[in-house]
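Since the model is a prediction, treat every value here as computed from it, not as a measurement. First the proteins, then the strands, lettered A, B, ... as listed; each starts at 1. What you see below is based on every heavy atom in this structure, not just the backbone, and it leaves out hydrogens, waters and symmetry mates.
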Protein chains: 2
Amino acid sequence: MNRTQGPERPFRDALQRLKAAGLRPTRQRLALTRILFENGHRHVTAETLHAEAKTAGVDVSLATIYNTLHQFTTVGLLREVVIDTGKAYFDTNTDDHHHFFFEDSGRLADIPGNDVAIANLPIAPEGMEVARVDVVIRLRGAGRLS
Amino acid sequence: MNRTQGPERPFRDALQRLKAAGLRPTRQRLALTRILFENGHRHVTAETLHAEAKTAGVDVSLATIYNTLHQFTTVGLLREVVIDTGKAYFDTNTDDHHHFFFEDSGRLADIPGNDVAIANLPIAPEGMEVARVDVVIRLRGAGRLS
DNA sequence: ATTAATGCAAAATCTTTGCACTTTC
DNA sequence: GAAAGTGCAAAGATTTTGCATTAAT
């Protein structure tokens, strides 16, 4: 838009992130990257991301949302969290960590810190290696939201 | 089939199980109960259970399979295990325990023993209680099946 | 120019629903 | 014969796919 000044910082960051991941910085991917990574860690589904994009005035088809979520996951920008049968959640925090799942609202939250540890992790069967350990703490309750 | 003798043991067990759960012992539910509970702990999906029933010569519609799986889960005969987006697994072992998931084959297995323990379980947020803690160890590997 | 990405709508999966028919109590 | 359960096919929901168009290198 303004080419007398260099691109603003957030834009440059998004561009950089895509380049580093080896993905072409298309208009859609740049917009989604900014939505996803500019405001701390996020948990999204295809649907919520699509809605957010629309709200932000970015026109992206659902198919592209799905493509993008999976490409980002493949290159390590996102991580998929299996919480629910029939809906895929993606987390912008790709570090090893675990989750709270609020059953009432369907909201997902990282468990703060790396406190959770698993004792007596059983040995993987012959010839198998551990790809990942997922811990989900399902919460239910007198759900007055703060 | 043979009414000069009392019903055989397995049949009686299935009947008993359904009655205890407050479910009417219909032909379909009896058959599914036997398939599910007569041979140690099992992990099934709607599809695998439907196939097994068919193989066993039991005619049950898919809709009834779904109904039954959910009814059984509601009354505590089964437990749902969330492993995979887009496919629901059910476990005949309703005790507190965790799972291995073989990503290659889609097979699910209980982690033997109650060894797995979680250290530093974080406090549930205000007004929330822990409904359940799920641990899934995802395995991948030089998967030569035994 | 070449290659990759996007969008659309159609298809594929898995699951649920509505309603007539059947079975259990 | 009430009430509950079953089966079918249709409808839902989410995700994937095929292919023509558009954009990036």
**Asked** Quick one: salt bridge (Lys or Arg N to Asp or Glu O under 4.0 Å) partners of B/D91, sequence neighbours excluded?
**Response**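 None.
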**Request:** Go through the structure and list residues passing salt bridge (Lys or Arg N to Asp or Glu O under 4.0 Å) with A/E47, not counting sequence neighbours.
**Result:** A/K87
side-chain contact (heavy atoms from CB on, under 4.5 Å) involving [X] - partner list, sequence neighbours excluded:
{"X": "A/A31", "result": "A/V58"}
{"X": "A/A63", "result": "A/S61"}
{"X": "B/P10", "result": "B/E8, B/R34, B/E38"}

**Message:** Would a single hydrophobic cluster contain both A/L62 and A/V60, if residues Ile, Leu, Val, Met, Phe, Trp and Tyr are joined by side-chain heavy-atom contacts under 4.5 Å?
**Reply:**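 Looking at the clustering, A/L62 is in the same group as A/V60.
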**Request:** Check the hydrophobic clustering (I, L, V, M, F, W, Y; side-chain heavy atoms under 4.5 Å; chains of links allowed) and say if B/L139 and B/V135 are grouped together.
**Result:** yes
[X] [atom1] to [N] [atom2]: how many Å, rounded?
{"X": "B/Q28", "N": "D/dC8", "atom1": "CD", "atom2": "P", "answer": "10 Å"}
{"X": "A/D84", "N": "C/dC14", "atom1": "CG", "atom2": "P", "answer": "16 Å"}
{"X": "B/L32", "N": "D/dT6", "atom1": "CG", "atom2": "P", "answer": "9 Å"}

For [N], does OP1 or OP2 lie under 4.0 Å from any side-chain N or O of [X]?
{"X": "B/T64", "N": "D/dG7", "result": "yes"}
{"X": "B/Q71", "N": "D/dA4", "result": "no"}
{"X": "B/R29", "N": "D/dT6", "result": "yes"}

**Message:** For residues 59-83 of chain A, which residue pairs pass the salt bridge (Lys or Arg N to Asp or Glu O under 4.0 Å) check, not counting sequence neighbours?
**Reply:**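 Residue pairs passing salt bridge (Lys or Arg N to Asp or Glu O under 4.0 Å), neighbours aside: A/R79-A/D134.
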Pull out every protein N or O sitting under 3.5 Å from an N or O of nucleotides 14-17 of chain D, one pair per line with the distance.
| unit_1 | atom_1 | unit_2 | atom_2 | d |
| --- | --- | --- | --- | --- |
| D/dT14 | OP1 | A/K87 | NZ | 3.4 |
| D/dT14 | O3' | A/G86 | O | 3.4 |
| D/dT15 | OP1 | A/A88 | N | 2.7 |
| D/dT15 | OP2 | A/Y66 | OH | 2.3 |
| D/dT15 | O5' | A/Y66 | OH | 3.2 |
| D/dT16 | OP2 | A/H70 | ND1 | 3.4 |

**Asked** Would you say A/I83 and B/V82 make side-chain contact, with heavy atoms under 4.5 Å?
**Response** no
**Message:** Just to be sure I understand the geometry, which residues of residues 49-57 of chain A put a non-hydrogen atom under 4.0 Å away from DNA chain C?
**Reply:**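 Listed by number, there are none.
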Distance-only criterion, 3.5 Å: show the donor-acceptor pairs between side-chain atoms of residues 16-24 of chain A and protein atoms not counting sequence neighbours.
none

**Message:** At 4.0 Å (heavy atoms only), tell me whether A/D59 reaches a base, stays on the sugar-phosphate, or touches nothing.
**Reply:** sugar-phosphate
**Request:** Kindly give the heavy-atom pair with the smallest separation between B/A124 and B/M128, and that separation in Å.
**Result:**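 That closest heavy-atom pairing would be CB-O, 3.4 Å.
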**Message:** Minimum heavy-atom separation for A/Y89 and A/G106, please, with both atom names.
**Reply:**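 Looks like OH-O, 2.9 Å.
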Could you list the protein-to-nucleotides 21-25 of chain D atom pairs, N/O on both sides, closer than 3.5 Å?
none

**Message:** In this structure, which stretches of DNA chain D are paired as stems of three or more consecutive Watson-Crick or G-U pairs, both distances less than 3.5 Å?
**Reply:** C:1-25 with D:1-25
**Request:** Give every residue pair that meets the ring pair (Phe, Tyr, Trp, His ring centres under 6.0 Å) criterion with at least one member in residues 39-71 of chain B, sequence neighbours excluded.
**Result:**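 For residues 39-71 of chain B, and leaving out neighbouring residues, the ring pair (Phe, Tyr, Trp, His ring centres under 6.0 Å) pairs sorted by first residue read B/H43-B/H99, B/H70-B/F90.
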